[in-house]
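The block underneath contains the structure these notes are about, expressed in structure tokens.
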Protein chains: 2
Amino acid sequence: MTSTRPLRADAARNRELLLAAAADEFAEHGLDASVADIARRAGVGKGTVFRHFPTKDDLIAAIVIDRITALNAVGEPLLTAPDPGAALLEFLTAAARQRQERDLSFLLEAGELNAEVSQVRTRMYEIINALVDRARDHGAVRDDVTGADVILLMCAPNYVTGYLPEAPPDLWRRYLAIIFDGLRPEGAHPLPQPPPTLA
Amino acid sequence: MTSTRPLRADAARNRELLLAAAADEFAEHGLDASVADIARRAGVGKGTVFRHFPTKDDLIAAIVIDRITALNAVGEPLLTAPDPGAALLEFLTAAARQRQERDLSFLLEAGELNAEVSQVRTRMYEIINALVDRARDHGAVRDDVTGADVILLMCAPNYVTGYLPEAPPDLWRRYLAIIFDGLRPEGAHPLPQPPPTLA
DNA sequence: CAATAACCGGACCGGGCGGTCAACTTGTTA
DNA sequence: TAACAAGTTGACCGCCCGGTCCGGTTATTG
């Protein structure tokens, strides 16, 4: 890796200001938020944005990496939690809550941005697969459901509440509960299509 | 209403070409698809687009109205179907299938475009509410679930499969089945949040 | 307290967007 | 078939976007 010397004090502060401002701006306007608006919100010139993040995509990637890394830090210890079913539900709750604090649904719109995003995202997939496998072995989720299913479905609670402009902040919990009930073995009906595989 | 005299023959044909081209283009590139591209795809000048649809939003609204109206035509007869649970599932299946044929997830991004959209959308809400009420009375869906819940969740199957660039065309059926299982009374756990109300 | 390298800012650029318009073509009708 | 309204077209406009660049500013270091 490039072991660069530490940033100057003001530069480091501006970098943090920019990340926070960008997260807020993306939350309000989606990924279409303009770099100029982000700079203004951070109280900084537009050129400064591009000094820290050569491309708008690099700025997005930095935020995505930050959030996924935080999520992985939640998931890691849950891999050995005593109750695998509760562990999976807790992970999904953490994921949805993270997106509630600031509306980060835009994270999902972002595709493959760079190698680091791919790496941290792959690690998240591994964690989810392991959590689902353990929960399935434990009888907490139905036999015919896979990690890929959960990866796809984990975004849904925040997504569906996004249609309500003034949704109560915790409404996603309702839909996470409904979807999680659909993952349980009790009363499960056979699924009409085989599970997908993730790239 | 404005009882306008019939369109000239070529104008009527161009209007249909435009609607089809716009649906295709929006399906491929989302609502960001440019009017110029739509015109080119329809084999028509850009000015012609704005003659038929004064605004890009008007073009979107025309498509949205078309699709929702078609969906309402499916739902209406289901209101008196003998098996209310099967009727609800059939409606949700029709809704998701419609969005599969051409990827019409962009329909959801479109907010309140004009009065006619609001009207036809309101009718759709009424139909869904009635279908859910009947299914609930019949014991086919859990007691604590409302029409608003189903309205929010009905978009989810197509949404989650949208993350897979090359998803099998029928994959949405798998997630509709999982979510519908979450709506069933068997094995339902209490929901942590009250249902929302729709505007 | 210099001296210097790192950093900042905002005018500027090329490009693509939604939308307009005036000259031209064509379906319709008497 | 003549004449006109209706329809078509693509060049054009103003705007905003991501990204560049260089003259001025500031933190750091000896």
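First the proteins, then the strands, lettered A, B, ... as listed; each starts at 1. Only this structure's heavy atoms are used, side chains among them; waters, hydrogens and symmetry mates stay out.
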So, using side-chain hydrogen bond (donor to acceptor under 3.5 Å, both in side chains) as the criterion, who are the partners of A:Glu76 when residues are at least two apart?
A:Arg123
Measure CG/A:Leu31 against P/D:dC17 and give the value in whole Å, please.
15 Å
Test item: B:Trp172 and B:Val160 side chains (from C-beta on) under 4.5 Å apart, heavy atoms
no
With salt bridge (Lys or Arg N to Asp or Glu O under 4.0 Å) as the rule and sequence neighbours excluded, what pairs involving residues 37-47 of chain B come up?
B:Glu25-B:Arg41, B:Glu28-B:Arg41, B:Asp37-B:Arg40
Is B:His52 near enough to D:dT8 that one of its side-chain N or O atoms lies under 4.0 angstrom from OP1 or OP2?
yes
Interatomic distance where CD1 belongs to A:Ile60 and C1' belongs to D:dC17 [whole Å]
13 Å
Output the residues of residues 36-48 of chain A in contact with DNA chain C, where contact means a heavy atom of the residue under 4.0 Å from an atom of the strand; sort by number or write none.
A:Val44, A:Gly45, A:Lys46, A:Gly47, A:Thr48
For A:Asp10, all residues meeting side-chain contact (heavy atoms from CB on, under 4.5 Å), sequence neighbours excluded
A:Arg8
If a pair satisfies side-chain hydrogen bond (donor to acceptor under 3.5 Å, both in side chains) and one of its residues is in residues 47-61 of chain B, list it, with sequence neighbours excluded.
none
Which donor-acceptor pairs under 3.5 Å do side chains of residues 174-193 of chain B form with protein atoms, sequence neighbours excluded?
unit_1	atom_1	unit_2	atom_2	d
B:Arg174	NE	A:Asp149	OD1	2.9
B:Arg174	NE	A:Asp149	OD2	3.3
B:Arg174	NH1	A:Gln193	O	2.6
B:Arg174	NH2	A:Asp144	O	2.7
B:Arg174	NH2	A:Asp149	OD2	2.6
B:Tyr175	OH	A:Asp149	OD1	2.4
B:Asp181	OD1	A:His189	ND1	3.4
B:Asp181	OD1	B:Arg184	NE	2.7
B:Asp181	OD1	B:Arg184	NH2	3.4
B:Asp181	OD2	A:Arg142	NH1	2.9
B:Asp181	OD2	A:Arg142	NH2	3.3
B:Asp181	OD2	A:His189	N	2.9
B:Arg184	NE	A:His189	ND1	3.2
B:His189	ND1	A:Asp181	OD1	3.4
B:His189	ND1	A:Arg184	NE	3.2
B:His189	ND1	B:Gly187	O	3.1

Check this one for me: any side-chain N or O of B:Arg51 less than 4.0 Å away from OP1 or OP2 of D:dG7?
yes
For DNA chain C, which nucleotides open and close the run of contacts to chain B, 5' to 3', at under 4.0 angstrom from a non-hydrogen atom?
C:dC17 to C:dT28
Is the shortest heavy-atom distance from the side chain of B:Leu59 to the side chain of B:Leu19 under 4.5 Å?
yes
Return the set of residues passing side-chain contact (heavy atoms from CB on, under 4.5 Å) with A:Leu78 (not counting sequence neighbours), or none when no residue passes.
A:Val74, A:Ala81, A:Ala87, A:Glu90, A:Phe91, A:Leu131
Summarise how protein sits on nucleotides 23-30 of chain D as a single string, 5' to 3': B when a protein heavy atom is under 4.0 Å from the base, S for sugar-phosphate-only contact, - for no contact.
---BSS--
Does anything in residues 188-199 of chain A form a salt bridge (Lys or Arg N to Asp or Glu O under 4.0 Å)? List the pairs, not counting sequence neighbours.
none
Under 4.0 Å between any heavy atoms, over every strand shown, what does B:Ala12 touch: base, sugar-phosphate, or nothing? Just pick one.
nothing
Rounded to the nearest angstrom, tell me the gap between atom CZ in A:Phe50 and atom C1' in D:dT20.
9 Å
According to salt bridge (Lys or Arg N to Asp or Glu O under 4.0 Å), does anything in residues 163-172 of chain A pair up with another residue at least two apart or in another chain? List the pairs.
A:Asp170-A:Arg173
Given atom CG of B:Leu17 and atom P of D:dT8, what is their separation to the nearest angstrom?
10 Å
Interatomic distance, A:Asp57 CG vs D:dC17 C1' [rounded to whole Å]:
14 Å
Under the rule for side-chain contact (heavy atoms from CB on, under 4.5 Å), what residues qualify as partners of A:Thr122, not counting sequence neighbours?
A:Glu126
